[in-house]
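Computed from a predicted model, the values in this text were never measured in an experiment.
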Amino acid sequence: MATWVSNADPVDVENGVRARIFNGDGTAFGNEFQVNSVTAGNQLKPSVAMAADGSFVVVWESQAQDGEGAGVFGQRYTAIGAKEGLEFQINQTTAKDQKTASVAMAADGSFVVTWTSDEGAAFGNEIYARRYDTAGAAIDDEFRVLNPGATFGIMGNQRDSMVTLTDGGGFIITFTSEGSGLNDGSGAGVYARRFDAAGLPIEASFLVNTGEKIGNQDNASIAANASGNFIVAWTSQDQDTSASGVYAQGFTIPLSAPPVLTPPTGLVGYVENQGGVFLDTTIVVTDADSVDLQSATITIGGYFAGQDSLEFIDQNGITGAFNTVTGILTLIGQASIANYQTALRSVTYTNGSDQPNTSDRPITISLSDGVSSGSILRTVKITAVNDLPIVGVTNSTLIFAEDGAAVAIDAALTITDLDNADITGATITLNGLVGAEDTVSFTNQGTISGTFAGNVLTLTGTASKTDYQAALRSITFQSTSNPPTPDRWLILWSMMAAATVWWSLARFKFLRSMILLWSRRRAR
């Protein structure tokens with residue numbers, strides 16, 4: 001598979017990315033073809049990677065396509081060169097330039113892209129990366145290679161990154177760095193950083209060109225074997241006593257026993273609206289050959305965005321960040337086994353919905369010592385609760401004029417129920433009525449019928465919340481006495497669907513117009 005930039009394409013009149021597939025014997029498989037779908041501006045610096053089945057992905061730098069400066073875009077293909085899906089944007093940060101992309105693809109078709117971003121102008125150029133699954137969907141957001149999860153970068157300039165994958169889903173990124181934040185003591189130096197299968201850094205970035213540090217060392221290339229051992233080659237200025245030379249260094253990754261996590265048995269129970277529950281307060285962490293651990297991930301299986309969340313308070317050099325898109329809590333920071341054990345014991349699960357999906361949530365807890373990882377599975381079982389209907393009343397003063405028509409007790413009353421569409425019944429107890437003077441009335445409507453027994457009105461019939469709201473709003477009060485008893489409080493106590501109790505006060509004033517008129521006549 002070969003890609004290149006061409007300015008002679010009949011469709012893309014500016015620089016564009018082209019490619020051609022080759023068989024194993026070096027013969028061409030079909031004709032060359034254009035990769036980029038958007039042809040405005042220049043498309044430059046392509047990088048290509050292939051999966052075990054021959055499918056491949058091409059990434060490149062496209063100018064002005066993401067709305068500002070250059071951006072990084074990609075296109076997936078089948079083994080015969082048919083496009084899989086549409087051209088897609090990789091960088092999420094669009095300020096200034098995102099450029100010089102590199103891609104590596106695993107045997108299963110998942111891939112990692114890395115590039116240089118000019119966005120962090122206060123700190124200099126920075127290296128970013130993003131992971132994608134076998135279907136070409138982003139696994140997580142873009143992240144800084146030198147400072148993952150932070151809102152700030154590293155001083156100086158990092159550029160010319162390249163990525164390679166290791167078996168098990170890990171990857172290694174090399175880059176050139178120069179300036180005050182990270183340098184080899186002279187000009188530019190070549191650095192590398194390793195990441196595990198969860199996208200977490202295994203250790204801090206390290207200097208590759210450990211021998212020669214005079215002048216610039218840059219333009220690195222990297223390759224790794226199945227064991228994770230890797231070799232980096234780069235250009236070194238003046239090291240071979242005549243202009244630039246090419247140098248390389250190999251790295252062997254020592255075998256490591258993974259961390260062991262021992263959980264209790266049984267499910268983690270969560271009842272709707274109860275607040276956070278600990279995933280595991282007795283988890284035990286051991287590691288046969290490591291004193292410190294580097295990172296952990298807690299992943300919610302069957303994640304429901306907007307409902308599920310994991311909460312963690314930073315502690316003992318360990319910082320946490322929960323991704324609300326993927327449902328993954330990431331803990332980062334070199335700390336002792338005891339501190340990571342305490343940190344994992346403090347993680348809580350919460351469901352913020354009043355209508356939670358009650359399917360079990362399998363939660364994977366994975367812990368890395370920087371070289372290898374161990375994991376366990378905990379399952380959260382969710383129990384939903386029938387939320388109580390809520391009646392809202394105005395509590396304003398209701399004025400009834402003597403000899404006037406019946407008035408609604410509360411014409412603006414509201415009913416809400418978070419997890420039920422229908423109401424099955426209601427009882428309204430009216431305390432404060434004055435003997436035979438007062439009359440409370442209700443007319444049957446729809447499927448809702450009402451019966452009085454003393455001062456209790458009972459409504460029956462299954463109907464919507466809207467219908468019951470209208471029914472309660474239709475209850476009226478009238479006084480037939482001349483003159484009526486003066487102002488009083490009428491207390492209403494209602495039970496909705498035998499599920500919730502509410503009460504309100506409504507004050508009735510009587511305009512005693514007849515008495516006032518009689519008093520004026522006597523005065524004459």
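- For the residue pair Gln92 and Asp141, a side-chain donor N or O sits within less than 3.5 Å of a side-chain acceptor on the partner.
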* Asked: Ser353 and Asn351: side-chain hydrogen bond (donor to acceptor under 3.5 Å, both in side chains), yes or no, with the steps?
  -> CA-CA 6 Å; Ser353 175; Asn351 191 297; 4.6 Å; no

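- Going from atom OG of Ser62 over to atom CD of Gln89 covers 9.5 Å, rounded to the nearest 0.5 Å.
- Between the side chain of Gln63 and the main chain of Gly41, no donor-acceptor pair closer than 3.5 Å is present.
- Side-chain contact between Ser37 and Lys83: present, with at least one pair of heavy atoms (C-beta onward) separated by less than 4.5 Å.
- The backbone N or O of Val285 sits less than 3.5 Å from a side-chain atom of Gln341, completing a donor-acceptor pair.
- In Phe278, the CZ atom is not crowded: 12 or fewer heavy atoms of neighbouring residues, nucleotides or ligands sit closer than 6.0 Å.
- Side chains of Thr451 and Thr460 form no contact here, defined as non-hydrogen atoms less than 4.5 Å apart.
- Residues Gln43 and Gln34 have side chains that never bring a donor and an acceptor to within less than 3.5 angstrom of each other.
- Pairing each heavy atom of Ser161 with each of Ile127, the nearest pair is CB-CG2, 3.6 Å.
- In this structure, the side chains of Gln65 and Thr94 stay at 4.5 Å or more apart for every pair of heavy atoms.
- In this structure, the side chains of Leu433 and Val440 come closer than 4.5 Å at one or more pairs of heavy atoms.
- The shortest distance between side-chain heavy atoms of Ile139 and Thr326 does not fall below 4.5 Å.
- Leu367 is listed as a side-chain neighbour of Leu344, based on a closest heavy-atom distance under 4.5 Å.
- Residues Thr78 and Phe56 approach most closely at O-CE2, 3.4 Å, considering heavy atoms.
- Counting heavy atoms from C-beta outward, Val271 and Val277 have side chains that stay 4.5 Å or more apart.
- No side-chain donor-acceptor contact under 3.5 Å links Arg378 to the backbone of Asp280.
- At least one donor-acceptor pair closer than 3.5 Å links the side chain of Gln75 to the backbone N or O of Glu87.
- Here the closest heavy-atom approach between residue Ile318 and residue Ala343 is recorded as CD1-CB, 3.9 Å.
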* Which is it for Asp354 and Asn273 under the side chain to side chain contact (heavy atoms under 4.5 Å, CB included) test, yes or no, and what are the steps along the way? -> CA-CA 7 Å; Asp354 285 301; Asn273 294 327; 3.1 Å; yes

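- Atom CG of Leu267 has more than 12 neighbouring heavy atoms from other residues, nucleotides or ligands inside a 6.0 Å radius.
- Annotation for Leu377: atom CG counts as buried by contact number, over 12 foreign heavy atoms lying within 6.0 Å.
- To the nearest 0.5 Å, atom OG of residue Ser359 and atom NZ of residue Lys381 are 9.5 Å apart.
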* Asked: Passes side chain to side chain contact (heavy atoms under 4.5 Å, CB included), Phe195 versus Val145? Steps please.
  -> CA-CA 9 Å; Phe195 293 80; Val145 170; 3.9 Å; yes

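- Judged purely by atom type and a 3.5 angstrom limit, Glu68 uses its side chain to pair as donor or acceptor with the backbone of Lys96.
- Rounding to the nearest 0.5 angstrom, the gap separating the CG atom in Asn339 from the CG atom in Asn316 is 4.0 Å.
- Looking at Gln445 and Ser474, their side chains do bring a donor and an acceptor atom within 3.5 Å of each other.
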* Would you please test Gln98 and Thr93 for side chain to side chain contact (heavy atoms under 4.5 Å, CB included) and show each step? => CA-CA 8 Å; Gln98 285 69 46; Thr93 299; 4.2 Å; yes

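- Taking a cutoff of 4.0 Å between a charged side-chain nitrogen and a carboxylate oxygen, Arg76 and Glu84 qualify as a salt bridge.
- Looking at heavy atoms from C-beta onward, Tyr128 lies in side-chain contact with Arg144 at the 4.5 angstrom threshold.
- Not one N or O on the side chain of Asn323 forms a donor-acceptor pair closer than 3.5 Å with the backbone of Ile328.
- Here CG of Leu457 is found 4.5 Å from CD1 of Ile428. Values are rounded to the nearest 0.5 Å.
- Between atom CD of residue Gln294 and atom CG of residue Leu331 there is a gap of 13.0 Å, rounded to the nearest 0.5 Å.
- Put simply, the side chain of Arg130 never gets that close to the backbone of Asn91: no donor and acceptor are under 3.5 Å apart.
- Remark: the backbone N or O of Ile283 is paired with a side-chain donor or acceptor of Arg345 at under 3.5 angstrom.
- Checked against Asp308 for a side-chain hydrogen bond (donor to acceptor under 3.5 Å, both in side chains), the options Tyr349, Tyr270, Tyr303 give a single hit: Tyr349.
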* For Tyr468 and Leu459, what are the C-alpha separation, side-chain angles and deciding distance, and is it a side chain to side chain contact (heavy atoms under 4.5 Å, CB included)? -> CA-CA 9 Å; Tyr468 261 92; Leu459 306 185; 4.1 Å; yes

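- Scanning all heavy atoms of the two residues, the minimum distance from Tyr340 to Ile332 falls at OH-C, 3.8 Å.
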* **Full working for side-chain hydrogen bond (donor to acceptor under 3.5 Å, both in side chains) between Thr427 and Thr458** => CA-CA 4 Å; Thr427 58; Thr458 301; 5.9 Å; no

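- Shown here for Val57 and Met105, the closest heavy-atom pair between the two residues is CG1-CE, 3.5 Å.
- Nearest approach of Phe442 to Phe452, heavy atoms of both residues: N-CE1, 4.2 Å.
- Of the possible polar contacts, one joining the Ser47 side chain to the Val103 backbone as a donor-acceptor pair under 3.5 Å is found.
- The structure places CD1 of Ile298 at 7.0 Å from CG of Leu310, a figure rounded to the nearest 0.5 Å.
- Checked by atom type and distance alone, the side chain of Asp97 pairs as donor or acceptor with a backbone atom of Ala70 at under 3.5 Å.
- Between the side chains of Thr330 and Thr297, no donor N or O sits under 3.5 Å from an acceptor N or O.
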